[in-house]
Enquirer: 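Let me give you the structure first, and then I'll get to my questions.
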Amino acid sequence: MAKTRFTALFLLALAFLGGFFVFSTENNSDGYFGNFPFKYGLDLNGGTHLVYQADVSKVAPEEISGAMSSLRDTIESRINVFGVSEPLVQVDETKVGAVTVEKLIVELPGVTDTEKAISIIGQTPVLEFKLVKNNATTTAASSTATEKDLFEDTGLTGRYLAHATLEFNSNTRDPIVSLAFNPEGSKMFADITKNNIGRELAIFLDGRPLSMPTIREEIPNGQAQISGRFTPDEAKKLVQNLNYGALPLPISLLNTQTIGASLGAGALRESAFAGSVAFLIIAAFLIFWYRLPGLVAVIALAVYTILNLAIFKLVPVTLTSAGLAGFILSIGMAVDANILIFERMKEELRRGLSLHDAIHEGFERAWLSIRDSNLSSIITGVILYYFATSSLIKGFSFVFVIGVLTSMFTAITVSRTLLLSIGIKSESKIVKFLFGNGIFNKSGK
């Protein structure tokens, strides 16, 4: 019994600290807890709207759709590492006369600084490999010479890059950026070097030639090096950018816009008020109908709420209207588990078991039903998250699954520990009333 009470006190103390962490003034950035504010989505806190245009002039028409999908995935992976920051990244195809313009629309919640928004997406260099034409020396003397006259496209770009590493020349100690291509890029690079021995292969970065090495032999393993005139810091930054995710297509920023919250701070306050009222109504019902076990369930529900909000801060989860809906729905699952437990306890009391044994049996017998119902909910949430193409659905399903998992813990562990820690052994009329239910005393005895 002493061990159970110690565990109960530990859980309550942990809940108190969690509540202090959750409800601490998040606008106070000077304190430690100010480093963990809640993050809100575009519908609650506004954000930045960016529109990019993709250059698909060098992509075959049948490959444009796949290239744009790859571009969208690359951009989204940069700004949504955990998959819960709720960015909106989508492809938009616009026809201007006979020309089709491929656009990428990016919306970042909570980011109102345009420059910061652009830096989040990053400026990955556009890497290109071009052959120097045989008559380039003669052509270069012409005042009308263009890059097209001097260089020949090979089709090998950064979209075929697997990874980049920083090395140093063993003799000069100059920085060298080593490149490794993916299987498709390796084949292209092997064909280029095999068919153009003796020619110069220019390496361009954002349209600027970095190096023009001469092809001495075929390179079948897909390895290349950039040994331009840059400092170690510049080379290191280049490697980081290339490894961060080479864009499959060059993009250019068309316009930016800071958008306000569609629901706003007022609606957020109203939602919090409505949620508090709903919690109080549920608490009143549990205490009125289940009495002392209902009070324990309310405490467990409070722990559940605090634990969820703490997870939202720590991950962090960007809260949107859809995410809040998933959170509220999971509260219903938590209440349902407690009701199942208490009804099982009532059945055990009717069988003639003591109060202590009825509590044990009630939790044991209710666990199978709680496990199966919650498991089916978790499977549904995982399927929604895995197959969803919208960040709205992903956010809802992610928050819902977190809520269901947390509710299983609080309903089984917290409620059980608190009930057993009470340590009631006598079964007086007062005890029977406290563990009864309904309008009248229906303890089952």
Side-chain angles (χ1 to χ4, degrees), residues 18 22 36 38-44 66 69-91 106-110 245 271 275 278-279 282 297 300-301 303-341 363-364 366-416:
V22 169
F36 300 95
F38 285 113
K39 294 183 66 177
Y40 301 103
L42 283 166
D43 55 349
L44 296 176
S69 296
S70 178
L71 176 65
R72 179 197 60 209
D73 294 342
T74 302
I75 294 297
E76 189 166 20
S77 66
R78 295 183 182 183
I79 57 180
N80 191 14
V81 176
F82 291 98
V84 295
S85 63
E86 297 293 341
L88 174 63
V89 184
Q90 60 184 1
V91 174
V106 181
E107 292 183 353
L108 303 175
S271 298
F279 183 90
I282 293 174
L301 202 59
V303 174
Y304 161 83
T305 303
I306 292 171
L307 188 57
N308 266 275
L309 294 177
I311 293 174
F312 294 162
K313 271 193 169 188
L314 290 171
V315 170
V317 176
T318 299
L319 296 176
T320 64
S321 55
L324 290 176
F327 174 54
I328 294 172
L329 184 59
S330 65
I331 293 179
M333 301 293 294
V335 173
D336 179 64
N338 280 283
I339 290 175
L340 283 174
I341 292 169
F363 277 89
E364 291 294 331
W367 162 243
L368 295 178
S369 300
I370 295 172
R371 181 198 63 189
D372 293 343
S373 63
N374 282 274
L375 186 60
S376 62
S377 299
I378 292 171
I379 292 173
T380 303
V382 171
I383 291 174
L384 274 177
Y385 183 85
Y386 184 78
F387 290 101
T389 57
S390 168
S391 58
L392 190 70
I393 303 300
K394 281 183 176 290
F396 170 84
S397 57
F398 184 84
V399 171
F400 176 70
V401 170
I402 289 178
V404 172
L405 289 171
T406 309
S407 71
M408 290 177 65
F409 169 76
T410 54
I412 297 297
T413 304
V414 178
S415 296
R416 183 174 183 273

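For the single chain, residues carry numbers from 1 onward in sequence order.
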Enquirer: Distance from N374 atom CG to I379 atom CD1, nearest 0.5 Å?
Expert: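 Between N374 CG and I379 CD1, I get 11.0 Å after rounding to 0.5 Å.
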
Enquirer: Could you go through L307 and F409, starting from their C-alpha distance and side-chain angles, then the distance that decides it, and tell me whether this counts as side-chain contact (heavy atoms from CB on, under 4.5 Å)?
Expert: CA-CA 10 Å; L307 188 57; F409 169 76; 4.1 Å; yes

Enquirer: Run T305 and F279 through side-chain contact (heavy atoms from CB on, under 4.5 Å) and show every step you take.
Expert: CA-CA 10 Å; T305 303; F279 183 90; 4.1 Å; yes

Enquirer: Work out which heavy atom in G381 is nearest to a heavy atom in F400; give both atom names and the distance.
Expert: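 Where G381 meets F400 most closely, the heavy atoms are CA-CD2, 4.5 Å.
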
Enquirer: Taking all heavy atoms of V382 and all of V401, pick out the closest pair and write down the distance.
Expert: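 Smallest heavy-atom distance, with atoms named: N-CG2, 4.0 Å.
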
Enquirer: Between CD1 of I402 and OG of S407, what distance do you get to the nearest 0.5 Å?
Expert: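 Nearest 0.5 Å value for the CD1-OG distance: 12.0 Å.
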
Enquirer: With rounding to the nearest 0.5 angstrom, report the CD1 to OG1 distance, I306 to T406.
Expert: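 It comes to 12.5 Å.
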
Enquirer: Quick check: closest heavy atoms across S369 and L340, and the distance to 0.1 Å?
Expert: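 In this case the closest contact between S369 and L340 is CB-CD1, 4.3 Å.
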
Enquirer: Could you walk me through whether I370 and I341 pass the side-chain contact (heavy atoms from CB on, under 4.5 Å) check?
Expert: CA-CA 9 Å; I370 295 172; I341 292 169; 3.7 Å; yes

Enquirer: Where do S415 and A300 come nearest, in terms of heavy atoms and distance?
Expert: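 Shortest heavy-atom contact: OG-CB, 3.3 Å.
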
Enquirer: Determine, step by step, whether D336 and S373 satisfy the side chain to side chain donor-acceptor pair (under 3.5 Å) criterion, reporting the C-alpha distance in whole Å, the side-chain angles of both residues, the deciding distance to 0.1 Å, and the verdict.
Expert: CA-CA 10 Å; D336 179 64; S373 63; 4.8 Å; no

Enquirer: Would you check, one step at a time, whether the test side-chain contact (heavy atoms from CB on, under 4.5 Å) holds for F312 with V399?
Expert: CA-CA 8 Å; F312 294 162; V399 171; 3.6 Å; yes

Enquirer: Drop me the distance from L405's CG to I311's CD1, to the nearest 0.5 angstrom.
Expert: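 That separation rounds to 8.5 Å.
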
Enquirer: To check you understand the geometry: which heavy-atom pair defines the closest contact between Q90 and R72, and what is its length?
Expert: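 Nearest heavy atoms, Q90 then R72: CA-CD, 4.3 Å.
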
Enquirer: Taking C-beta and beyond as the side chain, do M408 and W367 meet within less than 4.5 Å on heavy atoms?
Expert: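 Yes, at least one pair of side-chain atoms sits under 4.5 Å.
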
